[in-house]
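Quantities reported herein were computed from a predicted structural model and do not represent experimental measurements. Letters A, B, ... mirror the listed sequences (proteins, then strands); counts begin at 1. All values below were derived from every heavy atom in this structure, side-chain atoms included, with hydrogens, water molecules and symmetry-related copies excluded.
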Amino acid sequence: MVRLLGVSKAFQEGQNSRVIFNQLDGTFGEGEIVALLGRSGCGKSTLLNLIAGLDAPDKGKIFVDGNEITGMTDEQRSLFRRHAIGFVFQFFNLIPTLKVEENLLLPIELKRRIGPEDHRAALTLLGEVGLEDRAESFPDVLSGGEQQRVAIARALVHDPALILADEPTGNLDLETGRQVLELLFRMTRQRRRTMLLVTHSPEVAAVADRVFSLRDGHLEPRELADET
Amino acid sequence: MTEPATVVTSAPTAARLDWKLGETRLVDVGGLTREVKLVALLEPDDELSRRALDQLLVSDIATAQELLGRLGRLSRIDLLVAEGESGDALLERARAAIPDSAMLESTAARQRSTVQMTRAFELNLTALSLLALVVGMFLVYNTVNFSVLQRREWIGTLRLLGVGRRVLLRTVLGEVLLIGLAGTVIGLIGGTLLAGGLVRLVTQTINDLYFVLTVREASLSPWSLLKGLILGVGATLLASLAPAIEATHAPAREAVLRSIVESRKHRAAPRAAAAGAALCVLGGLLLLLPSQSLVLAFVSVFAVIIGCGLLTPLVTMLSMAALRPAASASFGILGSLAARGVVASLSRTGIAIAALTIAISVTVGIGVMVDSFRQTVVEWLDMTLQADVYVSPPAVIATRNDQTLDPVLVERLKDTPGVSASATVRGVDVVSAFGSLRLVALRPSGDRFDGYEFKSGQRERAWLAFRNEGAVIVSEPLAYRLDLDVGEALVLRTDRGDRPFEIAGVFYDYVSDRGMVMMHREQYERFWDDRSIHGLALTASSGVEPDDLVRRVRERAAGMQHVLVRSNRALREASLEVFDRTFTITAVLRLLAVLVAFVGVLSALMALQLERGRELAVLRANGMTPKQVWKLVTCQTGLMGLVAGLLSLPVGVLLASLMIFVINRRSFGWTLQMVLPPALFGQAVLVAVGAAVIAGLYPAWKMARTPPARALRRD
Ligand SMILES: Nc1ncnc2c1ncn2[C@@H]1O[C@H](COP(=O)(O)OP(=O)(O)OP(=O)(O)O)[C@@H](O)[C@H]1O
Ligand SMILES: [Mg+2]
């Protein structure tokens, strides 16, 4: 599903450049839920951004679903993202000027005109995340957990092949976080989608199919049994 | 200088004309060619004398009288009189000694009447520049608002850490002061550069309309620079006070939350609108005061302008709600996002739209005013220019000719074959209780008032009184300014002493805002010794082409006085040319206002771009393409421009009616017909939308180019 070949990325900060990845390789299979662990600042978000094509590597190739996104233009990558990728962030997931349902339908609306069947699908999905009655609300009146549930529904609405979740529960209390995560796992598995999940919690990692740890710019597979 | 035909001039003037000492040159005096010899040069020792002597020829009185054809006449004697009793006694004797046609006047009074002449003109220019300042203040308000909003987290954090409000306010205002100072200094430099060009335009207008003025370069007094500095910095501080206080005095927690700031703005919109409406009503009430005060009229105009500016946020909210379905139908989610985005960032977009509305409505207002004015003048010219050929000496001031025609030439031209009738005019300045007035002695060609439209008084009765009873008619501006009407008497100082003349009518006239008194030539000759003529109008016999007559008249005048012979059409065109030239400066100021508004929209969009970066990144992460970013931003700016453009139409028409019926009336006393040209309105909306969209290009480009990953970081 996702293949990284010799990916290098460095950020320029004034005079000196700061190397994040040097010749990073890695493969995530179809239908897998992969948890990504690592110290703060080791480059987990950067890696997700690279895979989503929101940022470009300095060197190396990235394949998603058989397409080499590193060879695409910004325009092509945007179009690719539209149908292949669903994103959930820690913060700022929803567009404040759009209602819940409009936020949900955003990835489809950017692609084409929506029809009644899209509205029906959106309402069904909202029902799945338990928010069918909030379709007409604006995001700022929802709680943090509710907002994340809308974001999860949106990441799935266009049926993407790959879901990227960057600490989706980092901003929520423990109990709400657990519920949201449980929802995310359940819905991804139901649809047999691939998910790359950044988390700090070994507990969360324990439910993933595979766990990688990002250290010194390399992906290290971790045996679940190693966990303390 | 005691030798005939010798003159002296200043060294700089001679140098510019490349006129060597001892050299004889030809000069044109009212169409007559004379020879003069330069016999000495004056070296001005300071700037003031240099400017006073610029473009001036000095000669012996005898030489001057000969050159100007005014043998035995003096136009002015300057007296230096000692203070105190001896001086007063001397003035008494002087007063007794001078003839009835002359007047004793203090220097101060003379200067006052010169200043008075251009006062309205000056006030109008001042008002226009103040308007630019008002638009500028809207932008400063916007910018400061933005800069404090942008740092609301920073301010909030400092407040949480215990920094006092006073300190924060001082910091913010200190920064504003520095920026205001920098902006003002740049403005002063730009203004000084601009002044060079504007001085030429203004000088031209004054030469056309009032008196001869030679200004070669803009002279900027330190005082006017200081005034600019105070205005610039003061306006900046004033405009930034409200947002600075608001940001630094908000409860510490709230300062952090953007949504609270915006929702407060939304709640403020109706309140601002109410204040705006109240201001407009106040402006209207001010006009009801029975007064001719121009300052009061401008206060009212400004109240209306600022009032309308305050109305814009609410109008924006309402019109975006109205436009959203249409936007969303034609542009899908992007249209919807654009319309909602405008409202969501009302604190930013509202001000930008207000600034753009004001700027565009001012151009609409001035446009309607100038068009109405022009249309009125065109119609008036059609009516008033009845003759076919006009003969006059070359004039230095287009609307006020003081040169005279050679009487022999006048008789000769009247007898040109193909002339069926002729009329003559002579204009002089005469003394009255109201100061110096323009008196025109008219010998009409027919036996009625042809080409005069009366505002007050009955045409036939006025004619009889004018023709047989020695009554005068006065032009509208004069009647307005001096508050005169039919039936009243106007006392003029004639060569036979002060005489009252009955006013038989008030006629429309757009030649000059000073206005004029018109008298029959026979009556004029009864009371004045002057026999000169400065204008001759000839009517062609039927079957004679006016252009042929022009040629014939030119041939007959050849070799005599050099005169301007113009057909009806040429004179009409020349008059309109003067008219158009007069309004060139307003076009410059209009452009300036639009430019300022353009910068306003640009900065508002840059602010939006900075602020909505993260939202845009989320959209990009969900598959928005760079092209769609362009579309979104353009849709948003287009909507903003559309609202500003549409709103500027009613506001512009309102401003135009204020300018036409109040400002113009109080400045010049003219009655103008208002015309509403649809093309102008279409153009205004296009300019508004165009300015907004063009201002959005750079921010759109930046937004489309920014890699989303960066904006997604949570800082
Ligand atoms: N645009 C940028 N310019 C400079 N440095 C950057 C930029 N983006 C990321 N970095 C740096 O790259 C490193 C990796 O950042 P990244 O956000 O990927 O870390 P992370 O593993 O997601 O951390 P966290 O767990 O705290 O979210 C950090 O040290 C960060 O400072
Ligand atoms: Mg991260």
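Using a 4.5 Å cut-off on side-chain heavy atoms (C-beta onward), V618(B) and R154(A) make contact.
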Between S78(A) and M624(B), is a side chain to side chain contact (heavy atoms under 4.5 Å, CB included) present by the stated rule, with each step listed?
CA-CA 6 Å; S78(A) 309; M624(B) 180 179 269; over 6 Å; no
Before you tell me yes or no, could you show the steps for R82(A) and T625(B) under side chain to side chain contact (heavy atoms under 4.5 Å, CB included), namely the whole-Å CA-CA distance, both residues' side-chain angles and the distance that decides it to 0.1 Å?
CA-CA 9 Å; R82(A) 263 186 199 176; T625(B) 63; 3.7 Å; yes
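Counting non-hydrogen atoms of other residues, nucleotides and ligands closer than 6.0 Å to NZ of K99(A) gives a total above 12. Counting non-hydrogen atoms of other residues, nucleotides and ligands closer than 6.0 Å to CZ of R191(A) gives a total above 12. With a 6.0 Å radius and a threshold of 12 heavy atoms from other residues, nucleotides or ligands, R705(B) has its CZ atom at or below the threshold. Remark: K111(A) NZ is packed, more than 12 non-hydrogen atoms of other residues, nucleotides or ligands lying under 6.0 Å away. Counting non-hydrogen atoms of other residues, nucleotides and ligands closer than 6.0 Å to CG of L174(A) gives a total of 12 or fewer. D216(A) CG: 12 or fewer foreign heavy atoms inside a 6.0 Å radius.
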Please output the side-chain donor-acceptor pairs of residues 322-335 of chain B that fall under 3.5 Å, not counting sequence neighbours, one pair per line with the distance.
| unit_1 | atom_1 | unit_2 | atom_2 | d |
| --- | --- | --- | --- | --- |
| R324(B) | NH1 | S336(B) | OG | 3.2 |
| S330(B) | OG | A326(B) | O | 2.6 |

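Chosen from L98(A), I85(A), L48(A), L79(A), the residue pairing most often with chain B at heavy-atom distances under 4.5 Å is L98(A).
Under a 4.0 Å N-O distance rule, the pair K627(B)/D74(A) does not qualify as a salt bridge.
Proximity to chain A involves both the backbone and the side chain of E615(B), based on heavy atoms less than 4.5 angstrom apart. The contact between A704(B) and chain A is made entirely by backbone atoms, counting heavy-atom distances below 4.5 Å.
A donor-acceptor pair under 3.5 Å is formed between the side chain of R340(B) and the backbone N or O of T97(A).
Not counting sequence neighbours, Q636(B) has no partner by the side-chain hydrogen bond (donor to acceptor under 3.5 Å, both in side chains) test.
What you find for L619(B) and L110(A) is that their closest heavy atoms are O-CD1, 3.9 Å. Minimum heavy-atom separation, R81(A) to A621(B): CD-O, 3.5 Å.
Taken to the nearest 0.5 Å, the CG atom of L337(B) stands 7.0 Å off from the CG atom of L106(A).
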